[in-house]
Undergrad: 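For reference, the structure I am asking about is given below.
Everything numeric in this text was worked out from a predicted model, so none of it was measured.
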Amino acid sequence: QVQLAESGGGVVQVGNSLRLACTTSGFTSGKNQVAWFRQVPGKEREWVSCINGADTTYYSDSVKGRFTISRDNVKKIVFLSMDGLKPEDTGVYYCAARTTLSFRQTCTSASSEFRYWGQGTLVTVSS
């Protein structure tokens, strides 16, 4: 069974950096995608970034150029490095995963397509 666990959240000041980690277990092949979503109370969950089995990366327009997603395939951890943080980046960050038919399958931004979810980690950007 696939399990995900986020870590690395915290309180940071505007302009600073933070790195989140999503530790995965249970995948039986590299044909999978791992994505990061975030959510604030009263708003829908927002797709942030995704990495596929070929390590191709995808970003939402709101974080492109500031966030970097990467994968340590040995330790089975997916990282989200966040630079230049803004107050609007505040929220609970979730990692999500799904298995795919191929390594190169294009990432999806639809939360309904991801079967596995972590518990979330809170990021607060203070001004």
Undergrad: Check whether more than 12 heavy atoms from other residues, nucleotides or ligands sit under 6.0 Å from atom CD of Gln13, and answer yes or no.
TA: no
Undergrad: For a quick test of reading the model, state the closest non-hydrogen atom pair linking Leu18 to Gly10 and the distance between them.
TA: CD2-N, 4.0 Å
Undergrad: Locate the shortest heavy-atom distance separating Gly91 from Leu122; write the atom from each residue and the value.
TA: O-CD1, 3.6 Å
Undergrad: On a heavy-atom basis, which atom in Thr121 and which in Gly9 lie closest, and how many Å separate them?
TA: OG1-N, 3.1 Å
Undergrad: Under the side chain to side chain contact (heavy atoms under 4.5 Å, CB included) rule, what do Thr24 and Tyr116 come out as? Steps first, then yes or no, please.
TA: CA-CA 10 Å; Thr24 72; Tyr116 308 104; over 6 Å; no
Undergrad: Counting N and O atoms only, with roles assigned by atom type, does the side chain of Glu6 sit under 3.5 Å from a partner on the main chain of Cys95, one being a donor and the other an acceptor?
TA: yes
Undergrad: If you look at every heavy atom in Asp72 and Lys75, which pair is closest and at what distance?
TA: OD1-N, 2.9 Å
Undergrad: Just do the side chain to side chain contact (heavy atoms under 4.5 Å, CB included) check on Phe67 and Val48 with the steps written out, would you?
TA: CA-CA 9 Å; Phe67 289 12; Val48 174; 3.8 Å; yes
Undergrad: Answer yes or no on whether Arg45 is positioned over the face of Tyr94, meaning its NZ or CZ is under 6.0 Å from the six-membered ring centre and within 45° of the axis.
TA: yes
Undergrad: CG/Leu4 to CZ/Phe27 distance, rounded to the nearest 0.5 angstrom?
TA: 6.0 Å
Undergrad: Within the structure provided, determine whether Arg71 and Asp55 are in side-chain contact (heavy-atom separation under 4.5 Å).
TA: yes
Undergrad: Measure the spacing between CD1 of Ile69 and SG of Cys22 and express it to the nearest 0.5 Å.
TA: 8.5 Å
Undergrad: Let me confirm one number: the CD-SG distance from Gln33 to Cys50, rounded to the nearest 0.5 Å.
TA: 4.5 Å
Undergrad: With a 6.0 Å cut-off on ring centres, are Phe37 and Trp117 close enough?
TA: yes
Undergrad: Hey, does the side chain of Asn52 reach the backbone of Gln105 with a donor-acceptor pair shorter than 3.5 angstrom?
TA: yes
Undergrad: Less than 4.5 Å apart, any side-chain heavy atom of Ser62 and any of Glu46?
TA: yes
Undergrad: Under 3.5 Å, side chain of Thr57 to main-chain N/O of Ile51, donor-acceptor pair present?
TA: no
Undergrad: Please tell me if the side chains of Met82 and Leu80 come closer than 4.5 Å, counting only heavy atoms from C-beta onward.
TA: yes
Undergrad: Go through the side-chain N and O atoms of Ser17 and Asp83 and say whether any donor and acceptor fall under 3.5 Å apart.
TA: yes
Undergrad: Would you say Val78 and Trp36 make side-chain contact, with heavy atoms under 4.5 Å?
TA: yes
Undergrad: CG/Leu101 to CZ/Arg104 distance, rounded to the nearest 0.5 angstrom?
TA: 15.0 Å
Undergrad: Do you know the tightest heavy-atom contact between Val34 and Ala97?
TA: CG2-CB, 4.1 Å
Undergrad: Taking the side chain as everything from C-beta on, heavy atoms only, tell me whether Asn32 gets closer than 4.5 Å to Val2.
TA: no
Undergrad: Do Val14 and Val12 share a hydrophobic cluster (ILVMFWY, side-chain heavy atoms under 4.5 Å, transitive)?
TA: yes
Undergrad: Would you verify whether the NZ or CZ of Arg38 falls within 45 degrees of the ring axis of Tyr93 while also being under 6.0 Å from that six-membered ring's centre?
TA: no
Undergrad: Less than 4.0 Å between a side-chain N and a carboxylate O, is that true for Asp89 and Lys86?
TA: no
Undergrad: If you look at every heavy atom in Trp47 and Ser60, which pair is closest and at what distance?
TA: CZ3-N, 3.4 Å
Undergrad: Got a second to check how far Ser111's OG is from Glu113's CD, nearest 0.5 Å?
TA: 9.0 Å
Undergrad: I want to check something: taking the side chain as every heavy atom from C-beta on, are Arg98 and Thr108 in contact at a cut-off of under 4.5 Å?
TA: yes
Undergrad: Would you give the length of the straight line joining atom CD1 of Ile77 to atom OG of Ser7, rounded to the nearest 0.5 angstrom?
TA: 7.5 Å
